[in-house]
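Scope of the values below: all heavy atoms of this structure, side chains included, with no hydrogens, waters or symmetry mates. Just follow the structure's listing: the first ligand is 1, and inside any ligand the first atom is 1.
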Amino acid sequence: MNKKRVYSGIRATGRLHLGNYFGAVKGMLALQDKYDCIFSVVDSHTITVPYDPKTLKQSVREIILDYLAAGLDPKKCNLEIQSKVPQHTELAYLLSTIYPVSRLEDLPTYKEKKAQYPKYINMGLLYYPVLMAADVLLYKAELVPVGIDQEPHLEVMREIARKFNSMFGQTFPEPQRFKTEGDYVPSLAGGRKMSKSIEGSFINLNDDLETIRKRIAGASTDSGQIGGEVPKEGGVANLFKLLKLFKLNNEFNKFEQDYETKKIRYTELKEVLVQAIYKELQPFQERRKKFEEDSKLVDDIINASNRKCLQMAEETMREVREKMGLD
Ligand code: TYM
């Protein structure tokens with residue numbers, strides 16, 4: 001029996017942050033022991049928003065190094081660079097011919113990006129979820145470890161799989177999201193989720209102790225009335241959510257009580273978080289240094305993975321071309 005396949009990807013828009021780590025990478029780590037996994041740096045998705053072509057290649061490399069340092073093991077999973085497997089874009093084009101434009105225009109991520117980059121509204125941005133569907137379906141993956149923000153894209157993926165199967169015969173599984181405990185890591189800036197594009201909202205996996213302290217010190221706390229129940233939304237709520245995420249249950253209970261009795265000291269709570277984050281990230285940072293120093297090893301890993309990915313991808317494409325009458 002073949003093992004189930006798993007696919008996930010991260011854009012090369014800077015170094016990984018705690019949101020990527022808890023929402024995606026932790027899921028990848030949990031699945032690599034059991035399934036056939038492909039974990040990608042999705043550079044073709046990266047170029048749908050303004051970017052610098054001169055630094056893109058290095059950014060891709062940084063994510064591969066982050067993957068390896070986080071514990072993704074090339075003996076257990078394949079590390080892919082999306083653009084090195086051209087079948088992604090071929091399949092995306094073919095799938096785009098069976099999916100309505102109106103549905104893509106309605107997606108929240110498309111609307112957000114349009115608002116964020118009003119001068120950069122391009123076809124690739126609209127096409128983004130189709131390429132994402134192609135990423136996963138290319139490998140016939142059934143599980144996708146991603147944060148909750150990607151759920152609308154997963155829905156598109158399933159719709160495309162169903163439509164293709166009904167038009168051309170059973171071909172693709174309907175992929176499901178693999179949920180992690182941290183599938184929604186809150187922002188440090190008080191708003192919604194931790195995000196690379198919102199300055200002051202994130203902590204990078206390569207941040208040293210002082211940087212972590214500085215960033216956490218900047219995290220917003222309510223300036224208004226305290227006492228009563230810990231709020232469900234906003235800066236204070238987010239700090240409490242982070243305590244939970246780092247499994248600081250005793251501390252959570254203590255600070256909850258302090259909040260209720262109006263004795264809370266945010267500097268104390270923040271320092272507890274700083275130490276926990278640093279402790280989690282230290283082994284990652286040490287492992288990363290080793291990979292940074294061995295670029296031949298990293299090249300070999302990428303090349304070996306790429307060969308395997310190309311083979312798997314071509315197998316699906318032969319079937320798809322034949323079923324669509326393009327062989
Ligand atoms: P990207 O690059 O925006 O984010 C990478 C992964 O990190 C997760 N994530 C979070 N999880 C929890 N809390 C947060 N605050 C947080 N911020 C980010 C995201 O959910 C994601 O899992 N469209 C994808 C990339 C992609 C992809 C794919 C993923 C392209 N093709 C195929 C899976 C399968 C994206 O933009 O991720």
Novice: Tell me every residue that passes side chain to side chain donor-acceptor pair (under 3.5 Å) with S195, counting only those two or more places apart in sequence or in another chain.
Specialist: S197
Novice: Using a cut-off of under 3.5 Å, which N/O atoms of ligand 1 pair up with protein N/O atoms, and what distance separates each pair?
Specialist:
unit_1   : atom_1 : unit_2 : atom_2 : d
ligand 1 : 2 (O)  : R11    : N      : 3.0
ligand 1 : 2 (O)  : R11    : NE     : 3.3
ligand 1 : 3 (O)  : R11    : NE     : 3.4
ligand 1 : 3 (O)  : R11    : NH2    : 2.7
ligand 1 : 7 (O)  : N20    : ND2    : 3.0
ligand 1 : 11 (N) : G19    : O      : 3.1
ligand 1 : 13 (N) : V185   : N      : 2.8
ligand 1 : 15 (N) : V185   : O      : 2.9
ligand 1 : 15 (N) : M194   : N      : 3.4
ligand 1 : 15 (N) : M194   : O      : 2.9
ligand 1 : 20 (O) : G147   : N      : 2.8
ligand 1 : 20 (O) : D149   : OD1    : 2.5
ligand 1 : 22 (O) : G147   : N      : 3.2
ligand 1 : 23 (N) : Y128   : OH     : 2.8
ligand 1 : 23 (N) : Q150   : OE1    : 2.9
ligand 1 : 31 (N) : D135   : OD2    : 2.7
ligand 1 : 36 (O) : R11    : NE     : 3.0
ligand 1 : 36 (O) : Y128   : OH     : 2.7

Novice: Judged by modelled atom types alone, do D135 and Q82 share a side-chain donor-acceptor pair under 3.5 Å?
Specialist: yes
Novice: Considering residues at least two apart in sequence or located in another chain, which fulfil the side chain to side chain donor-acceptor pair (under 3.5 Å) criterion with K34?
Specialist: none
Novice: Does the side chain of Y139 pick up a donor-acceptor pair with the side chain of T316 at under 3.5 Å?
Specialist: no
Novice: Without placing hydrogens or testing angles, list every side-chain donor-acceptor pair under 3.5 Å for residues 108-115, not counting sequence neighbours.
Specialist:
unit_1 : atom_1 : unit_2 : atom_2 : d
T109   : OG1    : H153   : NE2    : 2.8

Novice: Tell me if the centroids of the rings in F246 and F22 come within less than 6.0 Å of each other.
Specialist: yes
